[in-house]
Amino acid sequence: MLINYIINAFKYFFCILIFVILSLPANSEMSVEEIIKGRKALFSKNYSTAKRVQALASKGEFDKAKSLMIEMSENYKTLIEYFPENTKEGYKTEALPIIWEEKEDFNNLMTKASTDMIELTKVIENSDDIRGTLTKFMWSNCKACHSKYRAEH
């Protein structure tokens, strides 16, 4: 009985491991151009989504805004995978070399931005200062990233 339990647990673990590996972006199969353009597209999407979040929250349309916040949170998690070593240059990247020099700090900022978007879904509806709350949980992360990790344009 214990042996069957161990075998089943191993099978379960193996299936989860395969699922996780297959669900990660296959950056090794993507070209440098695809990776750089992909991350630029995700950042651009988050910016346009953030503007929509602000508009919806300002109108009190919190349910619509919350679904967009969750989408942004997932995008931040995904972005961590879009900065492999071979994508430091080319294709009009605006990413500064400090991203790779301080990769852990950059990844922590993306994780914080993701977590803050989830926290925002919990507090936005009861906020007395919607604009201030959006600044604290959303726009401040954008600013932190742009000021340290993005070339001026």
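Each residue takes its place number in the sequence, starting with 1.
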Quick one: closest heavy-atom pair of F83 and A95, and the distance?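 Smallest interatomic distance, heavy atoms only, reads CE2-CB, 4.0 Å.
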Ignoring hydrogens, what is the shortest heavy-atom contact between S127 and T133? Give both atom names and the distance. OG-OG1, 2.6 Å
Within residues 103-115 or reaching into it, pairs that qualify as salt bridge (Lys or Arg N to Asp or Glu O under 4.0 Å) - sequence neighbours excluded: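 Those involving residues 103-115 are K112-D116.
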Distance-only, no hydrogens or angles: does the [X] side chain make a donor-acceptor pair with backbone N or O of [Y] under 3.5 Å?
X	Y	result
T93	G90	no
S140	T135	yes
S44	K40	no

Distance check, rounded to the nearest 0.5 Å: [X] atom [atom1] versus [Y] atom [atom2]?
X	Y	atom1	atom2	answer
D63	L56	CG	CG	10.5 Å
L68	K51	CG	NZ	13.5 Å
H146	N141	NE2	CG	11.0 Å
I80	S114	CD1	OG	7.5 Å
W100	K88	CH2	NZ	7.5 Å

Are [X] and [Y] packed together at the side-chain level, in the sense that at least one heavy-atom pair is separated by less than 4.5 angstrom?
X	Y	value
R131	Q54	yes
K148	E102	yes
M72	M138	yes
C145	M110	yes
S73	M69	no
I36	Y82	no

Side-chain heavy atoms nearer than 4.5 Å, only ILVMFWY residues, links allowed to pass through others: does that put L109 and Y76 together? yes
Please answer: with hydrophobic residues joined when any side-chain heavy atoms are less than 4.5 Å apart, are L42 and V32 in the same cluster? no
Quick one: ring pair (Phe, Tyr, Trp, His ring centres under 6.0 Å) partners of Y149, sequence neighbours excluded? F106
Could I get the full list of ring pair (Phe, Tyr, Trp, His ring centres under 6.0 Å) partners for W139, not counting sequence neighbours?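 Ring pair (Phe, Tyr, Trp, His ring centres under 6.0 Å) check on W139 returns nothing, list empty.
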Which pairs with one or both residues in residues 36-72 pass ring-ring contact (aromatic ring centres under 6.0 Å, His included), sequence neighbours excluded?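 As it turns out, there is no ring-ring contact (aromatic ring centres under 6.0 Å, His included) pair with a partner in residues 36-72 once direct neighbours are skipped.
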Suppose we screen for salt bridge (charged side-chain N to carboxylate O under 4.0 Å, His left out). Which residues come up paired with K136, at least two apart in sequence or across chains?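 Partners of K136 by the salt bridge (charged side-chain N to carboxylate O under 4.0 Å, His left out) criterion come out as none, since no residue qualifies.
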Show me the donor-acceptor pairs, under 3.5 Å and distance only, between side chains in residues 118-125 and residues at least two apart or in other chains.
| residue | atom | partner | partner atom | Å |
| --- | --- | --- | --- | --- |
| T121 | OG1 | I118 | O | 2.5 |
| E125 | OE1 | K66 | NZ | 2.7 |

For T78 and R39, which I'm curious about, is there any donor-acceptor pair between the side chains at under 3.5 Å?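 No.
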With a 4.0 Å cut-off on N to O distance, would you call E71 and K45 a salt bridge? yes
Salt-bridge criterion met for K37 and E34 (N-O under 4.0 Å): no
